[in-house]
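Take a look at the structure set out below.
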Amino acid sequence: MLTTIWTVLSIFGGNKDKTGVEFFLETTRQIIATRRQSKQKYNDFIQLLMDVEKDGDITRDEADIHESHHVNEGEEELESEKKALNVNLVNKQLTEYEILAQAIVFFLAGYETTATTLTFCTYELALNQDIQDKLYEEINSAVDSNGEISYEELARLPYLDAVLSETLRLHPPAQRLARLASTDYKLGETGITLLKGQQIEFPIHGIHHLEEYYPNPFQFNPDRFLPENRHNIIPYTYLPFGAGPRNCIGMRFALLEAKLGLAHIIRKYRFFRTPNTDVPLIYKRSFLLASPKRLLVGIEKRDQ
Ligand code: HEM
């Protein structure tokens, strides 16, 4: 796994410089060593991984079996999750190498993707003042007298959810998904048979921009994701977090984090288009993460 990460980072960086990975490896190694020495327990991700290493006893929580992407839920999906999550997961232990690999994936997958989502969201809000105003109204009506928003309150705000979902549709941070066929598989009546060992790629960005799934696909229109319209979205045509048993494990956390961040930012600041705002955006060539050459918007403090 680390070899793959190195390759990916080298491609991103455009050279074979391993300094970034080495920094993460060294930091994680040090954290693990210090904790082992002090025997102090922390309430965080690395501690969870260390506990798995120590106890060697991981069995799946019943609730995990029912997890799947909220708009991609179907019998087939749940069945495949059930199969995947019940296989070979008993008594899995992690080596230190695996702990390091997981920690790096979480650093990479966990930060860049959410930051990119919020960046694209501010861009769309800058271009669509009416949508920004509507979002501001919704958020303002939900905060308490201390300016705080509870988890329950955040989760029930339909327009905030719709704005982020539409951002993830129009600008999915991950461009593609990949799977390896574990067996020969005939694709319905298409005449196509996937061969065992073949890699299959799913162009998320392309699927999200097809007129037949999303009318007027290049328009930023959060209404598509409002509760009364959501049923129009065909399962597996909305894939910002992937799908199936190997979909994004950080999805719920990412949505919570992005919603909380956005709510606090929008309450205090307004985004707007400037002469330097590129419309449309100009992208760098990238095989994995969407990355514009530059993304400039104006920002001003709101009168409170
Ligand atoms: C807006 C934010 C995010 C987006 C758009 C995103 C997107 C994705 C996508 C498309 C995949 C591949 C899923 C598939 O192949 O079906 C993935 C996998 C993954 N993501 Fe995220 N992600 C986000 C945030 C996070 C966060 C916050 C974390 C961790 C805290 C995280 C951890 C992971 C991990 C560990 C995997 C690999 C899962 C596996 O292979 O089983 N992601 N993510």
Side-chain angles (χ1 to χ4, degrees), residues 1-2 4-5 8 24 28 43-49 52 58 60-61 64-65 67-74 76-78 80-81 83-89 92 94 98-124 154 160-182 199-208 225 235-263 265 286-291:
M1 182 185 237
L2 282 175
T4 316
I5 292 167
V8 170
F24 282 121
T28 313
N43 185 18
D44 62 20
F45 180 64
I46 291 185
Q47 192 65 53
L48 284 174
L49 293 174
V52 174
I58 178 168
R60 281 275 162 181
D61 191 286
D64 277 351
I65 290 167
E67 282 194 345
S68 65
H69 196 294
H70 56 290
V71 290
N72 289 333
E73 283 163 359
E76 208 185 326
E77 173 93 357
L78 292 179
S80 76
E81 281 214 356
K83 267 194 204 155
L85 296 179
N86 278 335
V87 171
N88 294 334
L89 278 165
K92 170 77 180 106
L94 296 182
E98 284 173 321
I99 294 181
L100 292 173
Q102 292 301 324
I104 290 187
V105 168
F106 270 74
F107 271 128
L108 291 180
Y111 282 104
E112 190 56 27
T113 45
T114 313
T116 307
T117 306
L118 285 175
T119 308
F120 282 125
C121 191
T122 56
Y123 173 76
E124 291 300 340
L154 253 195
L160 177 60
D161 187 72
V163 165
L164 271 173
S165 302
E166 177 67 345
T167 303
L168 285 162
R169 179 196 69 81
L170 199 54
H171 306 285
Q175 301 292 285
R176 62 184 185 106
L177 300 171
R179 294 289 186 272
L180 213 60
S182 57
Q199 175 153 318
I200 301 113
E201 306 251 331
F202 302 82
I204 307 179
H205 192 277
I207 294 170
H208 283 189
F225 288 92
Y236 306 109
T237 64
Y238 178 66
L239 296 165
F241 295 102
R246 294 299 296 266
N247 73 347
C248 176
I249 199 169
M251 178 179 73
R252 285 173 184 77
F253 174 72
L255 286 172
L256 170 65
E257 186 183 30
K259 282 181 181 180
L260 194 60
L262 191 59
I265 294 168
S286 161
F287 84 110
L288 195 57
L289 291 179
S291 177

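Whatever order the structure lists them in is the order used to number ligands and atoms, beginning at 1. All of these numbers come straight from a predicted model, not from anything done at the bench.
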Of Ala174, Pro173, Ala258, Cys248, the residue with the heavy atom nearest atom 19 (C) of ligand 1 is Cys248

task: Check whether any side-chain N or O of Gln175 sits under 3.5 Å from a backbone N or O of Pro172 as a donor-acceptor pair, and report yes or no.
output: yes

The protein heavy atom nearest to atom 12 (C) of ligand 1 is Leu177 CD2, 3.9 Å

Counting heavy atoms under 4.0 Å, the part of Phe106 that contacts ligand 1 is side chain

In Leu168, Ile249, Ile204, Thr113, the residue satisfying side chain to side chain contact (heavy atoms under 4.5 Å, CB included) with Phe241 is Leu168

Closest to atom 23 (C) of ligand 1 among protein heavy atoms sits Thr113 OG1, 3.3 Å

Note: heavy atom closest to atom 10 (C) of ligand 1, options Pro240, Gly250, Pro172, belongs to Pro240

Closest heavy-atom approach to atom 13 (C) of ligand 1 among His171, Arg246, Gln102, Arg179 is made by Arg246

Numbered in order shown, the ligand 1 atoms found under 4.0 Å of a heavy atom of Val105 are 35 (C)

Ranking Ala254, Ala243, Gly110, Ala109 by closest non-hydrogen atom to atom 33 (C) of ligand 1, top hit is Ala109

The answer for which part of Met251 has a heavy atom under 4.0 Å from ligand 1 is neither

*Is the side chain of His171 donor-acceptor paired with the backbone N or O of Phe120 at a distance under 3.5 Å, no angle test?*
no

Min over Leu255, Asn247, Ile249 of heavy-atom distance to atom 35 (C) of ligand 1 lands on Ile249

